[in-house]
Amino acid sequence: MKKGGIISLIAVLLGLIAGAILIMATGNDPVEGFTYLFQGGLKDTERIGNTLATATPLILTGLSVAFAFRTGLFNIGAAGQMLIGGFCALAIGLTVHLPSLLLVPFMVVVAMVAGAIWAFIPGLLKAKFNVHEVVSTIMMNWIAYWMVYYLVKNHFKGDTETESRMLADSATLKIPFLSDLFSGSFINFGIVIAIIMVIVISFIIKRTVLGYELKAVGHNRSAAEYAGISVNRNVILSMMISGGLAGLAGVVQYAGNSSLIQIGVLPTQGFDGIAVALLGMNTPIGVFFSAIFFGMLSTGKGFMSAMTSIPPEISDVIIAIIIYFSATSLLIRKVINKLTTSRKYKKEILNSNVNVGEKVE
Amino acid sequence: MEYVVEMLNITKEFPGIIANDDITLRLKKGEVHALLGENGAGKSTLMSVLFGMYTPEKGSIKVRGNEVTIGNPNVANSLGIGMVHQHFKLVSNFTVTENIILGLEPKKGFVVDVKSAAKKIEELSKTYGLNVDPYAKIEDISVGMQQRVEILKTLYRNAEVVILDEPTAVLTPQEIQELMKIIKNLINEGKSIIIITHKLKEIKAVADRCTVIRRGKYIGTVDVKNTSEAEMASMMVGRQVNFKVEKTESNPGEVVLEVSNLSVKNNKKVLGLKNASLQVRAGEIVGIAGVEGNGQSELVEAITGLRSIEEGSILLKGMDICKHSIRDRIRSGIAHIPEDRQKRGLVLEYTIEENCVLEVYNQKPFSKFGLLDKDAIAKHAKKIIEEFDVRSGEGAKTVVESMSGGNQQKAIIGREIENNPELLIACQPTRGLDVGSIEYIHKRLVEQRDSGKAVLLISLELDEVLNLSDRIAIVNAGEIIDIVNAKDTNEDELGLMMAGIKRGEGA
Amino acid sequence: ACGKDSGNKSDSNSKAGFKVGMVTDSGTIDDKSFNQGTWEGIQAAAKELKWDANTDTKYLKPSGESEAEYLSEIGNLNDADYKFIVTPGFKFETAIYKAQDKYPNDKFVIIDGAPHKDDKDFTPNVKKNTVSIFYAEQEAGYLAGVATALKLKTGDVGFIGGMEIPPVQKYNWGFQQGVKYANDNYGTKISIKKENVIYQGTFKDVAAGQQIAASMYDHGVRAIFCAAGGVGVGAINESKARAKAGKEAWIIGVDVDQYDEGKYDGNKSTILTSATKGVAKSAADMIKDEKDGKFPGGQTLIYDAKNDGVGLPKENPNLDSDITSKIDDVFNKIKSGEIKVSNVRGNLIK
Amino acid sequence: MDLIIQIFPYAIAYTIPLLIVALGGLFSERSGVVNIGLEGLMVVGGFASALSISKLQQSYPNASWVIWVGLLIAMLAGALFSLLHAFASINLNADQVISGIAINMIAGALTVFLARNITGSGNIRITGMSRGDVDILGLNLSHIPLIGSLFFKNAYSTTWLVLSILVISIFVLYKTRFGLRLRACGEYPQAADAAGINVYRIRYIGVMISGAFSGLGGAIILVTYSGEFSGSVAGLGFLAIAALIFGQWKPLGILAASLFFGVATTITNVAQVVPSFAAIPQLVLKIFPYVVTLIALVIFSKSSQAPKSVGVPYEKGKR
Ligand SMILES: Nc1ncnc2c1ncn2[C@@H]1O[C@H](COP(=O)(O)OP(=O)(O)OP(=O)(O)O)[C@@H](O)[C@H]1O
Ligand SMILES: Nc1ncnc2c1ncn2[C@@H]1O[C@H](COP(=O)(O)OP(=O)(O)OP(=O)(O)O)[C@@H](O)[C@H]1O
Ligand SMILES: [Mg+2]
Ligand SMILES: [Mg+2]
């Protein structure tokens, strides 16, 4: 894990260096640019709060993608699952009348279940019919997009045509205390949910029978089958957990960071989740930090653009370059491995020399 | 004396290991030269150096007396050196011809001239008695045939020197016989051959001289005619080796496994096992002898639950388990050492610890209430590692991927035996291992038998089947031809039956 | 929460006296609609006032379209001393509602929207540091409808909208009323069939725009009024392809004069006319007013025919003088209130 | 059926870019490199062609060769940009999925940035190519029964360009030396290596072909149905990957899959204009192509025909 962290840091560093070159190419000062970039995300408590809030859905979509990855599945469908999860939570929040303390947890659960169900379909198709999950989740994304589009338009239309009605504050994850703590930032209870999920998922992966099974299936289906693990069940389950996490991202986005759902857009967090997961080396802790890093970049880039004449498109390019370098982490890992393992092999040879007596004539 | 190839004082290092340490090997024209050494001794590495896949740190290579630098396989090819690798380098959904011409495709205009290439291959195949269909797809042909395709590949490239890396590890006895014939044909046509093998009998059968290496070091070169198998073995491992499996008379008890009239479909959806019946009792080893692909895998997979059956019944201690899940079968006492250790037997990304509980992770004491108990798992792994002498870099925490094949195999065997099964199914338990490891594993299997377990042994090595088994079932074309007592038969008879000729029918 | 905007960099205040920032709505700065119009207005004002466009004006693109994201970009602009902030689109309504309190020393212009609390409390609340601007799109659509009818005289016309949002709907409804007026008063026989009035559902799907337009033309539609962003791009492209092949295929442009976009074979264009609204003009007006100390804070301004805030382009090469003079008549009647264009659906299609 | 014939030209217009991009993906994946960056490569192609065509059209407003030059430049640009992906996946053993995603992100941001800096607007408009009956050497192909009216009537000339690339691709993949080697690298690079083939080079070529074809696809969108570059191709690159998988990594399979997507999407779009479809709820129409795809995937699902080594970085000497 420590190694993973170093690799990601190197990737980030390389990305920033490449970004610096780009900034210089546009005739700007990279040091100044980066200063504002980081300041924009961290300068004061409000900005820190905003960074955390922006990171919240990313933590959850990142976990979603990472979890699926760990079990050998590529979930491109986090966007759709998030949308459906968020929509269902919103529908509950707008129609059911309950005290806040009951309603909000109910919404959270509904979002998770809805995301899980949405992911169940590609999981089932994969398990039973060997349908490639990349294709099926892309299709499910668009189906989610249009379902939410017409359901909101026909049943929950709000103030304007492209938005749903707004949730009352009592039906959201907003808590004034947190917001005040961060000087009016839009940070909300979602961050707590995200942190809890980081811990839960980390625990599932490392400590539970379920995690053991899921990873075994992810690494080697034949071996899992040989050991009596039900591969199909685990594929479906894994997709559902992954979908449930994305569904949670939906509720923290649409009933936390915002109080309404917009139609006509697939949430970008779904795709950013892939990058977050990969930069985080597919570990829950890694996802947590890489999501916060992404949150910081996306909060800070506006400030950088505002304070300098670095065009806003450049900050997107820098983020992309960091991801590009995180892709080469395998290489970085190899370099590190080479340094550590050559020692390991030497030890092994020593051991075997001790074990086998020399009796040559 | 004329040498076609001379490898002089070759040293090749990998990070942390000296795979070849000052090794010299000289190949005479027209000879079969064996290269002998334990797993990991550096044989493949040395040959890879000759074939241009690695550049040595020190030493020189002469071909027909001229010093050469072999920077890549293409140079080796042009020098007339061809290599048949331990793991075949064949594209499985290509035809034989496509595989052979790959990299050297003859053209007619823009189009690869498959026809004329196939004709040439057919001719070569005839000349050397290889009997290969140029239009067959690799995935449809037997392993032995695939190997002949590899040999053809070198001949197609006009190789004068052919290197065979462990060519017999994957072959059936018949195929080995054929290979020996092919080797002789090659020599008669003026080729020279280097052959790597762990099997001393084969060396005795075909080789003229033998070079022995151990742990990367040159031990010596001997004249095969004047050296005994035992002498070569001790040169190889540095101690005396016991070839004969020592075991007492068996003492069979109750029937543990009873398979009756079992029919199972194979991957091609036709019956791969037909109407097979077989019993294994407590305290005996029943071996299955047969050429690969004659129903062994189907039988094993049907018993373990990896494959559904068409007809018949499988009873474990009298209980019909046909409808049971894989997991239930494991619980009721079936242990299985799989044929392909990396594909089925291990999760390579897991540590030894984690692999040691692959089938029991969800049982007490390894987990409670859905939570893994890491301490209990570690203890279990430690026991297996100690008892079965599993060697690895970081002990129980070693990721299995980085272990040598032999040690991976020992870990699997340890795990299966530790589960304390009623029935132990061992498939190819010693494939590709050196004599030292084989000796060890055989001892453990016999131990199981003696402690009253039923053991079903599936092996392509006739030797192994004959030495270990108490009774032997012979399969051919999906049918059990006969079941005989190991004491009352011999290799020749088994070979005939494996070819489908029943006792008393032939000769 | 407020007060933090007080002069952290006051000395660096631009020579212009104040700096103008903009936060973009969904879509890019080049959307040929609200974003682009607003930005062009800002640029035009900057040029007129001889500012340094690079440092005195700035647009930021939020990472998403939620109120929180809008607010944080507004915060960024404020922190960087851009204290005159223009936001195009009704989506900014609740964000500006909050921002005008949070940054009392900043000036806000919200285009096509009025700040209000939430969707339960629509009461417009335009503080004295804010101006809210609306457009009478229906009047522009009306004129386009009349022009189309006069040009074609008979046959079918259609409408393609992006999403069903108020400005697009108002164009549509106005267009239908305009066609009817021409039929009633100038004897044209133009019909609009129900199936030829379509909201595609996005502002992006270029391919769908091309296919829908093609299909309409195939079904005998002679001209299509497009208020659909990228979908319209596809439609215009289809019209050009047809026109080049010698077939009739008209498009009525939207928001800005799109004549150039319909150009083919040199100087010809498939853009019959365009229903325009003065987004750029209004943005520029506000900046100049502020410069002159006349910022109409607290007001809600409506740009309509009366103040030449909406209309048709001055030059309409595809319309002959007979038609343009009739349109001028209609325009004047709208101005005088003789013709009232409804901005609600009523019995109209969609 | 009438409807099908009537909408077919538009379905084809939508299918063709999808087809060429998926075909590009085929070359990359058959060589062993997953390319999720097709979307970004399309954007790069769209940008390069838009920029070059718009500049050229200023000097040669009515010349049709300008468009062909634009297509060529798009291919070059796509191939060049794909080097980023090739370098990461082939030399650096990168995770090919992340690298592809990064390609998409870089392409989207960089092209718009460049467009703004070069032309002053993030959008670049050009005059596209015209559509008509395709005739070759004076033979009007639209008179061929059925096929003629489906493929060559009212078609863009890029249609037959892409269809001929398809035919050539089939030939190259299955008949030529290069094709044999390419497929070997995707299936079992160790075998290719042992046969003296430079796996790295073949994979580079595979990726660059995917870049060139994606670039071409992006440019075809520009010169046929869109007429304007705007920094996005609206998920078509991902749909092309779906077509590649759906088509089981075979050229004709890809043709069928792309055509299927094309027709389904076109029906959805056009149905709104057809009165007889009015009764069908909008939602049903919109999700129709996706649901039908899922059903088709279930029906046609069997063991995957994916190249065995796709996505696995090749390291020389690794056993
Ligand atoms: N590519 C490599 N990188 C690092 N070490 C290697 C590599 N190839 C081989 N080795 C090491 O070199 C030693 C010799 O390996 P080699 O494959 O030559 O053994 P071998 O004699 O062929 O064994 P076997 O009988 O099992 O085939 C081994 O210990 C192995 O760890
Ligand atoms: N590519 C490699 N790089 C580094 N070390 C390697 C590599 N391949 C193998 N090793 C190490 O070499 C040692 C021997 O491995 P090897 O695969 O040669 O075993 P083996 O006994 O030949 O196995 P098999 O039974 O499959 O023939 C192990 O310790 C393994 O960790
Ligand atoms: Mg070996
Ligand atoms: Mg070897």
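Chain letters run A, B, ... following the sequence lines, proteins first, then strands; residues in each count from 1.
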With sequence neighbours excluded, residues passing side-chain hydrogen bond (donor to acceptor under 3.5 Å, both in side chains) with B/Thr304: none
Sidechain-backbone polar pair: A/Asn220 side chain, B/Arg344 backbone, donor-acceptor under 3.5 Å: no
A/His219 vs B/Leu348 side-chain heavy atoms within contact, under 4.5 Å: no
Residue pairs involving residues 365-375 of chain B (criterion side chain to side chain donor-acceptor pair (under 3.5 Å); sequence neighbours excluded): none
A/Phe289 atom CZ: more than 12 heavy-atom contacts under 6.0 Å: no
Residue pairs passing the salt bridge (Lys or Arg N to Asp or Glu O under 4.0 Å) test where at least one lies in residues 113-138 of chain A, sequence neighbours excluded: A/Lys126-A/Glu133
Straight-line distance of A/Ile229 CD1 to B/Arg327 CZ, nearest 0.5 Å: 6.0 Å
Per-residue contacts, residues 207-217 of chain A versus chain B, heavy atoms under 4.5 Å: A/Arg207, A/Thr208, A/Val209, A/Gly211, A/Tyr212, A/Glu213, A/Lys215, A/Ala216
For the student: nearest non-hydrogen atoms of B/Ile326 and A/Glu225, plus distance: CD1-O, 3.3 Å
Smallest separation among heavy atoms of B/Leu372 and A/Lys206, with atom names: CD1-O, 4.1 Å
Closest non-hydrogen atom pair between A/Tyr226 and B/Arg415, with its separation: OH-NH2, 3.1 Å
Pairs of heavy atoms under 4.5 Å with chain A: top-ranked of B/Asn355, B/Val360, B/Leu371: B/Leu371
Closest non-hydrogen atom pair, A/Ser222 against B/Lys343: CB-O, 3.3 Å
